[in-house]
Novice: 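Dropping the structure in here first, questions after.
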Protein chains: 2
Amino acid sequence: MKRIAENTINRLIVYKKELERLRREDVKNVFSHKLAILSGFPSHLVRRDLMNVGYFGSPAHGYDVVELEKCISDFLCTPESVRVILIGVGNLGRAILDYCQQQNPKISIIAAFDSDKNKVNKIYHGIYTFHIDSIKNFIKENDIKVVIITVPASEAQKIASEIVDSGVRGIVNFTPVRLQLNEDIYIENLDMMLGLEKVVYFVEGG
Amino acid sequence: MKRIAENTINRLIVYKKELERLRREDVKNVFSHKLAILSGFPSHLVRRDLMNVGYFGSPAHGYDVVELEKCISDFLCTPESVRVILIGVGNLGRAILDYCQQQNPKISIIAAFDSDKNKVNKIYHGIYTFHIDSIKNFIKENDIKVVIITVPASEAQKIASEIVDSGVRGIVNFTPVRLQLNEDIYIENLDMMLGLEKVVYFVEGG
DNA sequence: CTCGTATTGTGAATTTTTTCACAACTCAAA
DNA sequence: TTTGAGTTGTGAAAAAATTCACAATACGAG
Ligand SMILES: NC(=O)c1ccc[n+]([C@@H]2O[C@H](COP(=O)([O-])OP(=O)(O)OC[C@H]3O[C@@H](n4cnc5c(N)ncnc54)[C@H](O)[C@@H]3O)[C@@H](O)[C@H]2O)c1
Ligand SMILES: NC(=O)c1ccc[n+]([C@@H]2O[C@H](COP(=O)([O-])OP(=O)(O)OC[C@H]3O[C@@H](n4cnc5c(N)ncnc54)[C@H](O)[C@@H]3O)[C@@H](O)[C@H]2O)c1
């Protein structure tokens with residue numbers, strides 16, 4: 001399979017989400033132009049991307065909403081169910097526990113971890129919180145590949161190094177720390193401040 | 001001034017943050033190679049980016065940490081102080097109110113807005129919450145250019161359209177909705193689910 | 001059936017981004 | 001002073017992403 005650019009993946013995920021919505025609204029077909037408006041990318045890019053996933057529409061009816069959604073899902077290899085854990089049940093961590101459950105039934109946070117005795121063995125938004133010391137075993141026993149990190153910045157590097165040893169392959173990192181890891185781990189840095197600074201740049205200067 | 005790519009801006013912001021940290025640790029000089037490791041980008045890209053901002057290091061000592069940080073800041077036009085507002089003081093909104101204040105003293109959230117009577121006129125993390133009905137006036141009177149949106153998905157489009165009318169130029173959108181706006185507004189979509197899905201893709205499939 | 005309209009799919013051109021590779025430079029040590 | 005090690009800055013090459021432009025297609029109206 002041809003290696004697909006990260007930007008393309010981003011866009012595909014957006015298309016998928018919009019298709020999902022169209023399906024719920026019982027829309028049957030959609031043209032590249034419409035998908036372009038919904039997603040915010042130009043229509044020829046939409047078509048180019050769909051070429052990559054190997055879905056073909058009809059010049060008369062555009063794309064079949066259900067089929068295309070399925071096709072993109074398959075392409076993205078979204079398995080029926082992915083189990084993820086979250087580390088750091090603070091302000092942000094709890095908000096995410098709540099949010100994720102509403103959003104994507106295929107990706108489920110199956111456990112949370114914290115070092116704070118007051119939080120351990122509690123349930124937040126339906127998810128049980130274990131003590132951080134048990135995390136390595138948990139990752140191995142449950143074959144966890146993806147982890148969300150929402151601990152304080154000062155703890156992030158240490159935690160990240162440890163979980164990578166246990167076999168984690170991907171990290172969603174909400175801390176402002178750039179994690180340094182030896183192995184080839186996929187890291188998605190979601191630093192909100194960076195997003196805010198970018199907007200300020202484009203508004204004030206660029 | 002030459003138009004700079006969004007990716008470059010992203011990287012510059014990361015460099016700036018790492019330089020800030022080096023400065024606090026009292027490091028005086030840094031080589032492109034070191035900055036590359038800290039930021040996670042290759043060193044020739046670091047050098048190319050710094051070429052863009054017009055800063056020149058010395059082959060012997062690399063880059064002066066303080067000067068380079070200043071230079072990038074100036075390039076990004078980061079003004080001494082930018083005033084931002086946040087709409088939707090829910091789980092996520094409150095977490096952000098807290099976080100932003102710790103992070104970047106130059107960007108300050110000066111007010112929050114909500115429609116819930118129980119939240120209006122309250123102070124969260126030191127920031128006063130006004131009723132949403134007063135937002136248009138507030139934006140105009142305080143010349144607000146950047147807004148953070150953390151209202152429920154169902155409210156996002158309506159709110160966005162309204163504030164754009166009042167003169168807002170940039171939006172940090174935490175809702176999963178792709179906002180449709182006529183004017184040329186800079187929108188930064190920070191959909192966490194998208195980040196998580198991307199990690200799942202690269203771990204499971206790509 | 002034929003025509004007109006609207007859309008797709010894609011080769012090719014263009015633009016942008018990244019990487020390569022090395023001359024030029026700085027300094028320290030001999 | 002001269003050499004050597006290590007780094008920068010950058011032209012040029014390569015790779016990648018995006019846009020263009022249009023032939024091919026499908027369908028409905030007349
Ligand atoms: N609040 C935000 O909106 C926001 C936004 C972006 C990024 N962040 C970042 O996300 C992280 C969390 O932010 P927050 O506001 O939720 O902080 P928080 O202090 O509310 O939560 C941190 C949680 O991590 C736990 N913790 C601390 N050390 C731990 C360890 N070694 N192992 C396991 N758990 C540990 C704490 O007990 C606490 O529950 C921070 O790095 C912050 O910079 C926060
Ligand atoms: N919780 C998360 O981690 C998370 C993550 C990503 C995205 N999001 C998105 O961010 C948004 C907020 O999430 P949340 O968990 O904080 O939800 P929430 O329900 O806790 O908070 C929403 C807030 O918006 C206020 N509000 C509702 N309608 C309003 C209006 N018309 N004007 C002004 N304020 C209004 C509500 O009173 C409430 O205070 C949602 O769109 C959610 O999808 C949340």
Side-chain angles (χ1 to χ4, degrees), chain A residues 1-15 18-19 22 27-72 75-76 198 201-202 206, chain B residues 1-15 18-19 22 27-72 75-76 198 201-202 206:
Chain A
M1 187 197 293
K2 209 186 106 205
R3 198 197 130 71
I4 295 291
E6 189 169 321
N7 277 356
T8 308
I9 300 301
N10 271 327
R11 289 192 300 263
L12 287 173
I13 296 173
V14 175
Y15 304 150
E18 292 303 322
L19 287 164
L22 289 172
V27 175
K28 298 299 181 205
N29 297 95
V30 65
F31 294 117
S32 62
H33 179 64
K34 173 78 173 172
L35 209 42
I37 288 175
L38 292 176
S39 64
F41 306 114
S43 63
H44 40 77
L45 203 40
V46 173
R47 295 205 298 279
R48 180 65 75 194
D49 288 336
L50 298 192
M51 245 181 95
N52 275 324
V53 316
Y55 182 78
F56 298 93
S58 115
H61 303 116
Y63 307 99
D64 182 296
V65 170
V66 172
E67 278 181 21
L68 180 54
E69 185 193 340
K70 169 96 172 55
C71 190
I72 294 178
F75 181 85
L76 293 176
K198 206 203 301 185
Y201 169 76
F202 281 107
Chain B
M1 189 197 290
K2 209 185 108 208
R3 199 197 125 73
I4 295 291
E6 189 168 320
N7 278 356
T8 309
I9 301 300
N10 271 328
R11 291 192 299 265
L12 287 174
I13 296 173
V14 175
Y15 304 149
E18 292 303 323
L19 288 165
L22 290 172
V27 176
K28 298 300 181 202
N29 297 92
V30 66
F31 294 117
S32 63
H33 178 65
K34 172 77 173 177
L35 209 43
I37 289 175
L38 292 176
S39 64
F41 307 114
S43 63
H44 41 76
L45 202 39
V46 172
R47 294 206 297 278
R48 180 66 74 195
D49 288 337
L50 299 192
M51 244 181 95
N52 275 324
V53 316
Y55 182 78
F56 298 93
S58 115
H61 303 115
Y63 308 100
D64 182 296
V65 170
V66 172
E67 277 181 21
L68 179 54
E69 186 194 340
K70 169 93 170 57
C71 190
I72 294 178
F75 181 85
L76 293 175
K198 206 203 300 185
Y201 168 76
F202 282 107

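Here the structure is a predicted model, which is why all the values come from computation and not from measurement. Throughout, protein chains are lettered first and strands after them, A, B, ... in sequence-line order, and every chain is numbered starting at 1.
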Novice: For a 4.5 angstrom cut-off between non-hydrogen side-chain atoms, does B:Y55 reach B:K70?
Specialist: no

Novice: A:N29 has an atom CG; how far is it from atom P of C:dA6, in whole Å?
Specialist: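 Distance, rounded to whole Å: 18 Å.
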
Novice: DNA chain D: A:S58 or A:P42, which has the more 5' nearest nucleotide?
Specialist: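 First, find each residue's nearest nucleotide; the 5'-ward one identifies A:P42.
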
Novice: About how many Å separate CG of B:L22 and CD of B:E18, when rounded to the nearest 0.5 Å?
Specialist: 7.0 Å

Novice: On DNA chain D, which is the earliest and which the latest nucleotide, 5' to 3', with an atom closer than 4.0 Å to a heavy atom of chain B?
Specialist: D:dG6 to D:dA12

Novice: With the side chain counted from C-beta on, respond yes when A:Y201 and B:E6 share a heavy-atom pair under 4.5 Å apart, and no when they do not.
Specialist: no

Novice: Answer with base, sugar-phosphate or nothing: what part of the nucleic acid does A:S32 contact at a heavy-atom distance below 4.0 Å?
Specialist: sugar-phosphate

Novice: Could you state the atom-to-atom distance from CZ of B:R47 to C1' of C:dA23 in whole Å?
Specialist: 13 Å

Novice: Nearest 0.5 angstrom please: A:K28 NZ to A:E67 CD, how far?
Specialist: 12.0 Å

Novice: Side-chain contact test, heavy atoms from C-beta onward, threshold under 4.5 Å: evaluate it for A:L38 versus A:K34 and give yes or no.
Specialist: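 A:L38 vs A:K34: side chains touch.
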
Novice: About how many Å separate CG of B:L35 and CG of B:L45, when rounded to the nearest 0.5 Å?
Specialist: 11.0 Å

Novice: Polar atoms only, N or O, under 3.5 Å: list the protein pairs with nucleotides 11-13 of chain C and their distances.
Specialist:
residue: C:dG11; atom: O6; partner: A:R48; partner atom: NH2; Å: 2.6
residue: C:dA12; atom: N6; partner: A:R48; partner atom: NH2; Å: 2.9

Novice: Reading DNA chain D from 5' onward, which residue's closest nucleotide shows up sooner: A:H61 or A:D49?
Specialist: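 Result: A:D49.
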
Novice: Quickly work out the B:H44 NE2 to C:dT19 P distance and round it to whole Å.
Specialist: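 Interatomic distance, NE2 of B:H44 to P of C:dT19: 5 Å.
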
Novice: Contact between B:R11 and B:T8 at the side-chain level, heavy atoms closer than 4.5 Å - yes or no?
Specialist: yes

Novice: How close or far is atom C1' of C:dT17 from atom CG of B:N10, stated in whole angstroms?
Specialist: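 Distance check: B:N10 CG to C:dT17 C1' gives 14 Å.
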
Novice: Applying the side chain to side chain contact (heavy atoms under 4.5 Å, CB included) criterion to B:I9, which one of B:V14, B:D49, B:N52, B:I4 satisfies it?
Specialist: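 Only one of B:V14, B:D49, B:N52, B:I4 forms a side chain to side chain contact (heavy atoms under 4.5 Å, CB included) with B:I9, namely B:I4.
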
